[in-house]
Amino acid sequence: MRSQSGAKRSSARLFGSMTGIAAILAIVYWLIESYAHARFTGTPFIDNLFTKDLSLIGERFAFLVIMIAFAGFYVSAAWREKVKVDRVARADEIKGKVGEKLRDNLQQIPLSKQLATIHVNVPLKLKPEDLVPAPPDVVALKKLAEALEIRSLLRVVEETTGAAAEAPATEAKDVAEQPALITGEAGDDASAPPVRLPDPVTRHYETIFTAEQFAAWLILIENAELVAFDTETTSLNYMEAEIVGLSFGLAEGRAAYLPVAHRYVGAPEQLDRGVVLARLKPWLENADAQKVGHHLKYDAHVLANYGIRLAGMRYDSMLESYVLDSTATRHDMDSVARKYLGLDTIHFEDVAGKGAKQITFDQVSVEKAAEYAAEDADITLRLHHALWPKLEAIPGLTRLYDTIEQPLVPVLTRMEETGVLVDTRLLRAMSGEFAGKMAALEKEAHNEAGHPFNISSPKQLQEVLYNELKLPVTQYTPTKQPSTNEDALAELADQHRLPQLILDYRSLSKLKSTYTDKLPEQVCARTGRIHTSYHQAVAATGRLSSSDPNLQNIPIRTAEGRRIRQAFIPKPGCTLLAADYSQIELRIMAHLSEDEGLLKAFAEDRDVHQATAAEVFGVALEDVTTDQRRSAKAINFGLIYGMSAFGLARQLGIARDEAQKYVELYFARYPGVKAYMDRTRTQAREQGYVETVFGRRLYLPDIQARQQSRRQYAERSAINAPMQGTAADIIKKAMISVDHWLLQGSTGAEIIMQVHDELVLEVPTPVLAAVQQNVTRLMAAAADLRVPLKVDAGHGANWDEAH
DNA sequence: GTGGCGTCC
DNA sequence: CAGAGGGACGCCACT
């Protein structure tokens, strides 16, 4: 308060003096200007001083205004600076006071009490073990356990401290015996309006400020069977995030927030982050200490920034939600709590604001933060209690969770943390090259159009192509607008030069904006590498997705595009190894359909597209033409995606009835496939879901839809999901076993990327052969299907070469 | 924020 | 008779 009003006073003074100076300057200017004008025109000075010439007056007033504007600008800048200085002074003041207080306390109180006064700005040289008072304050601990109303934990406290059990004055109730929580009433009914957690009936949240409180909670945490755990940080970017606080949930409604790095003027004294983390480290790294979290991979990352390898990540409510129903669009805690608990949680934006005004979590008041963070841990535990029984009711899903999704978490964490090295110089050089070519193409395109226009605006392009040049419209967008997409432009290419120019421009523009410009920006300053994020709960089929940057859509199809891959390089002394499953989805189709012909083709390790062509076109294997093979390939992929004869015709540029003939021929030669497709559709209709080989479920509510387009969409998903999903399961299993093998040995090789059917590793060159052999072996052994899994592997000095 | 387009498997 | 290819992420223009 005091410093603020002081600042206001001094700013008023500053403003006053600046306006004064501005006024004086303006008057001086007026005098000089009058004198100069008098000399120039030979008129009397006094006439010029009090001139009636409006333009002259206007000019001088304009100058006055500019003067004052400058003064104002200066004042506001000075004001901001002043506020900053005041803030620092205030922080120093607090620091000094806390220091004094500490010195006083040193004389009178025990060490544990001293720690209570640690301010975040006062680093103390303390060892983590100093934080546990020895012996623990039994009375305080018992009080805490009683306050928590958790009898089992009270017992633990008593046993741990060796104190005689003494019945509390009022009998503490076990949580299980509590009156029905509001959560119990919500049940599965997602339509029930969410309710806020009532307070204090079902909640008892604490904020840990003192060493004694921390010591007490440590005993509780270290002895609990399962602890909900969450971190609060300064950033969503896991490589930059700093820990601001930690929260722990022990039972439903019983949670604590431990703030360690809230930094704002007037922030309460907090325990030191370094000391707290060092003391928690053994528990965090203990694989037997089971934790439940929501998106634990993130917490694992931020702890890794402090040298802590989070272990014991037994349950993740985000993944539980995903495994239970992967079709849900979102699996963030707010959505899942609303859906399964009927609870409306405090949102991050409620405490930190949103948009440009959003503050980082260390600026959030400890009171607000504690409420939010403790609730997070609490809700996580409640979610686990709600979701796990649902999962356990379906053995296939429990197995999927335990053997695939959960063990995959540390693998992904390691991959992301390792990151990928990219040659930024090469990318920048390519950007320059592309820019030159694009400028030339743009100029030509404007010439062809007869006037300049925004070449990358589909709307303007549509106007030019279809209204001005009167080219025929062949394709429409979903909103019934004439399309300017690749197919449409390609069809117009023989009628006019412009479409081809646009196509060339677009392809370069895409490469430049998405890859050669963006990738260098994404290099982490600390590691010099790119750290993507793999999302484990996004794709409905079970696939991973990647973002920031997306490393799963790096170009490969065109020669120009492939050059981007040349910028993905190993670190010195290493080689990139790329291993991918050959035709994995078709092999899965063979497995699922048990079609004899298809099984045989794979058993004999045939080129499956060639074999398909031979069957469909009735020619010998060696007589299959390139064109026939291409058609067969289109049929094969079309089948995987549930494509119709219409789509196939369009894809191949043939008549619809001809495409229909191919499809019929295919089904005649591979009757098992036809039967499987029918079976799958029926199953989807009857059960409402389809399954992968490993039990992953994909629910298809639209399979019963009245609206034909929705129903057909669901049917295509039903056909595609078991194949795409099984492939996803298989590579996930492979990642787990490859990672396991790498951890056992000492090759120094690391998995650095996954692209749906491909793994990329960075391998020390001397051990390349051994790693390649074992990675190939482990990937092929990831599943035991009716057909062998084939893995192709290559290596090189960049990702392009490795293929 | 939405639509159009384009990249990958 | 209309609509007729699964799953992602990201950039740009436009509102």
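Chain naming here is simple, since letters A, B, ... match the order of the sequence lines and numbering starts at 1 in each.
As rounded to whole Å, 18 Å separates atom P of C:dA4 from atom CG of A:Leu639. At whole-Å resolution of the value, CG in A:Asn454 and P in C:dT15 are 12 Å apart. Rounded to whole Å, atom P of C:dG3 lies 14 Å from atom CZ of A:Arg650. A straight line from CG of A:Asp548 to C1' of C:dC11 spans 14 Å, rounded to a whole angstrom. The CG-C1' distance, from A:Asn720 to C:dA8, rounds to 12 Å in whole Å. Regarding A:Gln712, its CD atom lies at a distance of 9 Å from the C1' atom of C:dA2, rounded to whole Å. Straight-line distance from the CD atom of A:Gln462 to the C1' atom of C:dA13: 13 Å, rounded to whole Å. A straight line from CD of A:Glu715 to P of C:dG3 spans 17 Å, rounded to a whole angstrom.
Residue A:His331 comes nearest to A:Asp325 through the heavy atom pair CE1-O, 3.2 Å, listed as atom of the first residue, atom of the second, then distance.
A donor-acceptor pair shorter than 3.5 Å can be found between the side chains of A:Gln566 and A:Asp800.
At the phosphate of C:dC14, OP1 or OP2 sits under 4.0 Å from a side-chain N or O atom of A:Gln460. Listed pair A:Ser456 / C:dA13 meets the phosphate criterion, a side-chain N or O lying under 4.0 Å from OP1 or OP2. OP1 or OP2 of C:dG7 sits under 4.0 Å from a side-chain N or O of A:Ser717. Distances shown here put every side-chain N or O of A:Ser546 at or beyond 4.0 Å from the OP1 or OP2 atom of C:dA8. Side-chain N/O atoms of A:Ser545 include one lying less than 4.0 angstrom from OP1 or OP2 on C:dC9. The side chain of A:Lys459 places no N or O atom within less than 4.0 Å of a non-bridging phosphate oxygen (OP1 or OP2) of B:dG3.
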Treating primed atoms plus P, OP1 and OP2 as sugar-phosphate and everything else as base, which nucleotides of nucleotides 4-9 of chain B get B, S or - for protein heavy atoms under 4.0 Å? SSBBSB
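Comment: A:Glu750 does not engage A:Arg414 in a salt bridge, judged by the lack of any side-chain N to carboxylate O separation of less than 4.0 angstrom. Remark: A:Glu486 does not engage A:Arg506 in a salt bridge, criterion side-chain N to carboxylate O under 4.0 Å. A salt bridge is defined here as a Lys NZ or Arg NE, NH1 or NH2 lying under 4.0 Å from an Asp or Glu carboxylate O, and A:Lys674 with A:Asp678 meets this definition.
Within the 4.5 Å cutoff, the side chain of A:Glu560 has heavy atoms near those of the A:Lys437 side chain. Counting only heavy atoms from C-beta outward, the side chains of A:Gln522 and A:Val422 never approach each other to under 4.5 Å.
A:Tyr238 and A:His301 have parallel rings, their planes meeting at less than 30° on a 0 to 90° scale where 60° marks the start of perpendicular.
Separation of the P atoms belonging to B:dG4 and C:dA4 is 15 Å when rounded to the nearest angstrom.
Around the CZ atom of A:Arg679, the shell of radius 6.0 Å holds more than 12 heavy atoms that belong to other residues, nucleotides or ligands.
DNA chain B is contacted by no residue of residues 529-540 of chain A, taking any non-hydrogen atom closer than 4.0 Å.
At the heavy-atom level, A:Gly647 lies under 4.0 Å from the strands shown only through sugar-phosphate atoms. Using a 4.0 Å heavy-atom criterion, one finds that A:Arg656 contacts the bases of the nucleic acid, with or without backbone contacts as well.
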From CA spacing to verdict: salt bridge (Lys or Arg N to Asp or Glu O under 4.0 Å), A:Arg338, A:Asp334: CA-CA 6 Å; A:Arg338 179 175 277 262; A:Asp334 292 348; over 6 Å; no
